[in-house]
There are 2 protein chains.
Amino acid sequence: MKLSKRGEYGIKALIDLASRDPARGAATVKEIAAHQKIPVQFLEQIMRALKNAGILRSKPGAGGGYALAKPPDQITLGQVVRLLDGPLAPIPCVSKTAYQPCVCPDENTCGLRLTMLDVRNAIADILDNTTLADVTHRVQQAQHLTASRKLRQPSRTRSR
Amino acid sequence: MKLSKRGEYGIKALIDLASRDPARGAATVKEIAAHQKIPVQFLEQIMRALKNAGILRSKPGAGGGYALAKPPDQITLGQVVRLLDGPLAPIPCVSKTAYQPCVCPDENTCGLRLTMLDVRNAIADILDNTTLADVTHRVQQAQHLTASRKLRQPSRTRSR
DNA sequence: GACAAAGTCGATCAACTTTGTCGGGAATTA
DNA sequence: TAATTCCCGACAAAGTTGATCGACTTTGTC
């Protein structure tokens, strides 16, 4: 049930891009890597995959870099995770995008399959309905929350 | 987001045991392996782990074998998956049973973490609230369903 | 045009994990 | 004692993960 580093880094980079001031133009891999603490060359590889999938667009040369190819509310985490991490389903026989039949005599009465189908649906429900825009929005709300908490309790250490 | 073969085999074996007529006594690894098409020696290893965790009990020698150590409604898939497959959480910083801090400056405002927490909760909600008894019950219902469907349409090929 | 700053690409690699296998031992029953 | 079954640790082949590398192409600037 684990998300790979590839998936993790990819999502972080995309969130970084989505929450970046659009006026600043494209972001370079080096910038993002430094910002998010990701090995540069590994991230390069990931960005390429994201680009080939049509999620990012890029421009080489001075002033170049990567930017989202679509508005953030049209990029779901489901797409990204499937691309970088493979199918969401815990077992292939419950995958919608990478279905593979299993060995059990009857898929419709297989206990394992029945439960894993629930799991895959729960995961897909979240990831396919969460866009980059949703994420950045949520992050902002969380930031405001902690900010206002600080306002009420200016100094953590003293107020104990 | 994948379930390992270890986890898969373990769950299948447990379901097999749970849906087995208790009057027949313990089941041998060989039987279960043949029944569920699992490599015998690999299953042996898995059953041992399940036993050491207190989920199974065993008896060596002729007439021996494995049986559930507790009633099926007291064994959750969550326990089993965690034991055989590791934490449910996609990333360590949202795990309840194997928490590890992540590198991001503030966990409370990390977009990745916020969404993955949802995912981990969705998974845990299902697996921690699904017992072996639930599974076998559901399997029986599914079997009745397909059985009654057969009654209404006795011959599949002809009724097309 | 030359140069620097990016992205592009394919290959390769070490470490780790997964999925088993093997050989012998210990407990239990007949 | 013999057969059966679980118990245990070691090991190994194959696959996956998480990178790294070197050479190349494209773009903008002087």
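What you see is a predicted model; the values in this text were computed from it and never measured. So you know, we letter chains A, B, ... as the sequences are listed, proteins then strands, and number each from 1.
By the side-chain contact (heavy atoms from CB on, under 4.5 Å) test, A/M116 pairs with A/P90, A/I91, A/V94, A/L112, A/V119, B/L3, B/I11, B/L127, sequence neighbours left out. Considering only residues two or more places apart in sequence or on other chains, A/Y66 meets the ring pair (Phe, Tyr, Trp, His ring centres under 6.0 Å) condition with none of them. Annotation: salt bridge (Lys or Arg N to Asp or Glu O under 4.0 Å) contacts of B/K12 (sequence neighbours excluded): B/E8.
Applying the salt bridge (Lys or Arg N to Asp or Glu O under 4.0 Å) test to pairs two or more places apart or on separate chains, none has a residue in residues 47-75 of chain B. Counting only residues at least two apart or in different chains, salt bridge (Lys or Arg N to Asp or Glu O under 4.0 Å) contacts with residues 89-117 of chain A comprise A/E107-A/R113. The stretch residues 34-45 of chain A participates, sequence neighbours left out, in no salt bridge (Lys or Arg N to Asp or Glu O under 4.0 Å) pair at all. Contacts classified as salt bridge (Lys or Arg N to Asp or Glu O under 4.0 Å) and involving residues 131-142 of chain B (residues at least two apart or in different chains) are given here: A/D118-B/R138.
Near DNA chain D, defined here as any heavy-atom distance below 4.0 Å, there are no residues from residues 88-101 of chain B. Of the residues in residues 6-29 of chain A, those with a non-hydrogen atom less than 4.0 angstrom from any atom of DNA chain D are A/R6, A/Y9. Heavy-atom distances under 4.0 Å link DNA chain C to B/K59, B/P60, B/G61 of residues 51-61 of chain B, given in residue order.
Rounded to whole Å, atom P of D/dT4 lies 18 Å from atom OH of B/Y66. Taking atom CD on B/E44 and atom P on D/dC8, their separation rounds to 11 Å, with Å as the unit. Between the CE atom of A/M47 and the P atom of C/dA6 there is a distance of 13 Å, rounded to whole Å. Atom-to-atom, CZ of A/R48 to C1' of D/dC21 comes out at 11 Å; the value is rounded to the nearest Å. One atom, CG of A/L43, and another, C1' of D/dT20, lie 14 Å apart when rounded to the nearest Å. We find that CG of B/L84 is positioned 15 Å from C1' of C/dG20, with the value rounded to whole Å. If you take CD1 of B/I46 and C1' of C/dT21, they are 13 Å apart, rounded to a whole angstrom. The separation between A/F42 atom CZ and C/dT12 atom P is 19 Å, rounded to whole Å.
Stretches of at least 3 consecutive Watson-Crick or G-U wobble pairs, with each checked distance under 3.5 Å, appear in DNA chain D as C:1-30 with D:1-30.
Here the closest heavy-atom approach between residue B/V139 and residue A/G111 is recorded as CG2-CA, 3.4 Å. Shortest non-hydrogen contact noted between A/N129 and A/D125 is ND2-O, 2.7 Å.
Atoms CD1 and OG, on B/I46 and B/S4 in that order, are 8.0 Å from each other to the nearest 0.5 Å. The distance from the OG1 atom of A/T109 to the CG atom of B/L145 is 10.5 Å, given to the nearest 0.5 Å. Residue A/L43 holds its CG atom at 9.0 Å from CG of A/L50, rounded to the nearest 0.5 Å.
Comparing A/P39 and B/A62 by the nucleotide of DNA chain D whose heavy atom lies nearest to each, the residue mapping closer to the 5' end is B/A62. A residue-by-residue look at A/Q41 and A/K5 shows that A/K5 has its nearest nucleotide of DNA chain D further toward the 5' end. Positionally, the nearest nucleotide of DNA chain C for B/D85 lies more toward the 5' end than for the other of B/G63 and B/D85.
Under the 4.5 Å side-chain heavy-atom criterion for ILVMFWY residues, a single connected hydrophobic cluster contains both B/L84 and B/V40.
The side chain of A/Q45 has D/dA19 as its nearest neighbour among D/dC8, D/dA19, C/dC9.
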Please tabulate, one pair per line, all N/O donor-acceptor pairs under 3.5 Å involving side-chain atoms of residues 26-34 of chain A, not counting sequence neighbours.
unit_1, atom_1, unit_2, atom_2, d
A/T28, OG1, A/K30, N, 2.9
A/T28, OG1, A/E31, N, 3.4
A/E31, OE1, A/T28, N, 3.1

